[in-house]
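Owing to the predicted nature of the structure, the values given are computational and were not obtained by experimental measurement.
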There are 2 protein chains.
Amino acid sequence: MSLEAVAKKAGVSTATVSRVLNGLTVVKGSTRARVMKAVAELKYHPNLHARSLAGGRSRTVGVIVSNLDNPFFLDIYRAVESDCHAQGYEVVVANTAYTAEQLASSVRLMLGRRVAGLAVIVSEVDEEVVAELSEANIPVVFYDVGRAGKNITKIRVNYRKGVERIVEYLTSLGHSDFAFITHHAALGPLNERQNALYDSLKIASPKATVRVVVDSDSLDGGRQAARELLRSAPVPTAIMCVNDLMAVGVLKELRERRIRVPEDVSVTGFDNIKLSEFCHPALTTVHIPRDLIGHTLFHSLTPDASGSAAAGREYVIDPEFVVRDSTGPARSSDVFAR
Amino acid sequence: MSLEAVAKKAGVSTATVSRVLNGLTVVKGSTRARVMKAVAELKYHPNLHARSLAGGRSRTVGVIVSNLDNPFFLDIYRAVESDCHAQGYEVVVANTAYTAEQLASSVRLMLGRRVAGLAVIVSEVDEEVVAELSEANIPVVFYDVGRAGKNITKIRVNYRKGVERIVEYLTSLGHSDFAFITHHAALGPLNERQNALYDSLKIASPKATVRVVVDSDSLDGGRQAARELLRSAPVPTAIMCVNDLMAVGVLKELRERRIRVPEDVSVTGFDNIKLSEFCHPALTTVHIPRDLIGHTLFHSLTPDASGSAAAGREYVIDPEFVVRDSTGPARSSDVFAR
DNA sequence: GGCGACTCTGTAAACCCTTGCAGAATCGGC
DNA sequence: GCCGATTCTGCAAGGGTTTACAGAGTCGCC
């Protein structure tokens, strides 16, 4: 079970076994073979805790996300995971459910695990956590929140650009009566999208109106929000959703009410999750390159070939507008007038 | 940073600090306060590796699943996670991508982490792994594969019953020309569904035909399979999918080809993932209670109030047939005849 | 055959915590 | 004020690895 048992069986010292297992020092071929044999026979698994403890490092990176149930976050996690495994790292993931408390406890957990690096992909970061992390002395990377610093990299997406493209497109189709469906309105990154919406509209269509509805970040939340929205006339001609997941919920509710998309109402999402392509009608949305984000996250956390992690940098990633079938010209007469 | 630093700062021994932090022994109020203060001031995080090493236990449970990208597995994982956190356990998850190699390496990883218990929710288990796990001397629970044993619990779902219900329903609607869309045909649990299909049909509609198409377990895989299926006439009147994820892909492809569901073709899924309710048409499927599975998994891994984990048991969970809008009477004339 | 230079291996300390055991402090009761 | 019981605390061993350091072999060459 332990290194010592293997050592005894192979007739060597624990140091030698350790060296064989880690393979960074040269061990004579015959010795190595004996050790390997003993390892196999004993079905020995090194105790990872002891290893991390003794080694000081851990070859594990931590990932903290807001909502694993949203495929957007899952995709990022999976991208990081894939890079990690390719490089022999493990990943541990934690979910905050958009709460600051769970973020704080997840951070503590990760620090307790002595992760080699930590990716924080949440919307609810607070100053205290940032401070704690910058003192932690491990590479940290924030997505969307916080700011670059000593050992802190930051990655953000130019949401504004994505929103602008949507607004341009929709206004060019004659829309001026908007709804914005979002979740947890207080959160920074979402505010950015909302503010970008106002700003863009101010230019593209100054007299446009926007009704905002807030619900939870889920299919049901989107549906619920649509229901709320439709409770009071007039029905907007375009519904922009803060993300695809909620948009798909919206589509469902509209369909149940026999409101046609895009003939009666246009709907847009954000993220371009796989689902947006498979729902009906396929969703007009903004693609956020989760793969690229994942790779960048991983890169920011691990010392690369050149030896040092490029901490302190700030990356900005551009999204990409994707037109599909959920958007069309604004309806001319209000078929929903009561 | 270390226990010792805290101890020094608080003017006590490391043992006392440890006791304060773990709270299982009584420590005098004033001492406790001093220690807590020191902990706070130093922003001390216990080193979890050292803790697990010293304590011998780890309060971490491992979960291994086949395909995290399928919401079915994600839901189970999340259910386990939620129970774990409620009881102060951590969870670590690994994905096998349906390969035996990744399963083996995940198992080794988990064993190396000295997890307190391990849930194996995969389709590709082999004997060697089972043997290794039963020697590991920690509670293990298999979902769908393996068999109960010394410290091994097994949970399985009565798929057969679900398939029977689908078949009964479809044949009663006049269907006799079937397709079965599945993935990785060699895997046990999926075979069970497929065999159940044959068996049920033998009774319900002996002259019925079944065409089988295999593709990957994903939205794209479902779509691809549908494409493959439609390549050769005649188009079946009912397409049964091995799970909802693939079924949603099938729906997409059918829609693109203007094949109406359920008027022209009926489609069924399996699992009842959230998405099956939000796609269009909403999917007729078989509900598999992931929450219940998750709770049962957790229960099987952790010593309950009575002190001992109920290992060696075998649980069978019944699925539930859910009729929605993707199924209807078989079309009478073959509108697709060429 | 002896010497130096390598190559390989062992010894032992360190990593940070938990916990059994025993000693110290405190308390109640007389 | 003393004693025993009780509560609290410290000592030190151990848990399974890594790794610096030094020692033991091996080899080639003069």
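- Comparing C/dC8, C/dC17, C/dA12 against the side chain of A/A15 picks out C/dA12 as the nearest.
- Contact check, B/R34 against D/dT9: no side-chain N or O comes under 4.0 Å of OP1 or OP2.
- For C/dC17, the OP1/OP2 oxygens have no side-chain nitrogen or oxygen of B/S18 closer than 4.0 Å.
- Comparing C/dG20, C/dG10, D/dT18 by their closest approach to the side chain of B/R19 singles out C/dG20.
- What separates CG of A/L53 from C1' of C/dA13 is a distance of 13 Å, to the nearest Å.
- Per the geometry, NZ belonging to B/K28 stands 19 Å off P belonging to D/dT6, to the nearest Å.
- Between B/R57 and C/dT19, a side-chain N or O to OP1/OP2 separation shorter than 4.0 Å is present.
- Across B/V92, B/I121, B/L103, a single residue satisfies side-chain contact (heavy atoms from CB on, under 4.5 Å) together with B/I64, and that is B/L103.
- At whole-Å resolution of the value, NE2 in A/H49 and P in C/dT18 are 13 Å apart.
- When the P atom of D/dT17 is taken as reference, atom CG of B/L111 falls 13 Å away, rounded to whole Å.
- Taken from CG in A/D83 to CG in A/L301, the straight-line distance is 10.5 Å, to the nearest 0.5 Å.
- A donor-acceptor pair shorter than 3.5 Å can be found between the side chains of A/H45 and B/E132.
- Remark: P of C/dT11 and NZ of A/K8 are 13 Å apart, rounded to the nearest angstrom.
- For B/S13, taking side-chain heavy atoms from C-beta onward, the closest of the listed nucleotides D/dT19, C/dC8, D/dG10 is D/dG10.
- In this structure, of C/dC17, D/dG16, C/dT9, it is C/dC17 that holds the atom nearest to the side chain of B/Y44.
- Looking at which nucleotide of DNA chain C each of B/P46 and A/T16 is closest to, the 5′-most match is held by A/T16.
- Atom CZ in A/R113 sits about 17 Å away from atom C1' in C/dC16, given to the nearest Å.
- Within the structure, a side-chain polar atom (N or O) of B/R51 is placed less than 4.0 Å from OP1 or OP2 of C/dT18.
- Phosphate proximity of D/dG15 to A/N47: absent, as no side-chain N or O sits under 4.0 Å from OP1 or OP2.
- The nucleotide whose nearest atom lies closest to any side-chain atom of B/S2 is, among D/dG10, D/dT18, C/dC17, C/dC17.
- Residue A/A54 has its side chain nearest to C/dA14 when only C/dT9, C/dA14, C/dT19 are considered.
- Taking for each of A/N22 and B/T31 the nucleotide of DNA chain D with the nearest heavy atom, the 5'-most of the two is the partner of B/T31.
- With hydrogens and angles disregarded, a donor-acceptor distance shorter than 3.5 Å links the side chain of A/S58 to the backbone of A/R114.
- Between the side chains of B/T96 and B/E124, at least one donor N or O lies within less than 3.5 Å of an accepting N or O.
- Between the side chain of B/S18 and the backbone N or O of B/T14, no donor-acceptor pair lies under 3.5 Å.
- Closest approach to the B/A50 side chain among C/dT18, C/dC16, C/dT19 is made by C/dC16 (side chain taken as heavy atoms from C-beta onward).
- For the pair B/L3 CG and D/dC11 P, the computed distance is 14 Å after rounding to whole Å.
- Rounded to an integer number of Å, the gap from CG of B/L21 to P of C/dT18 is 7 Å.
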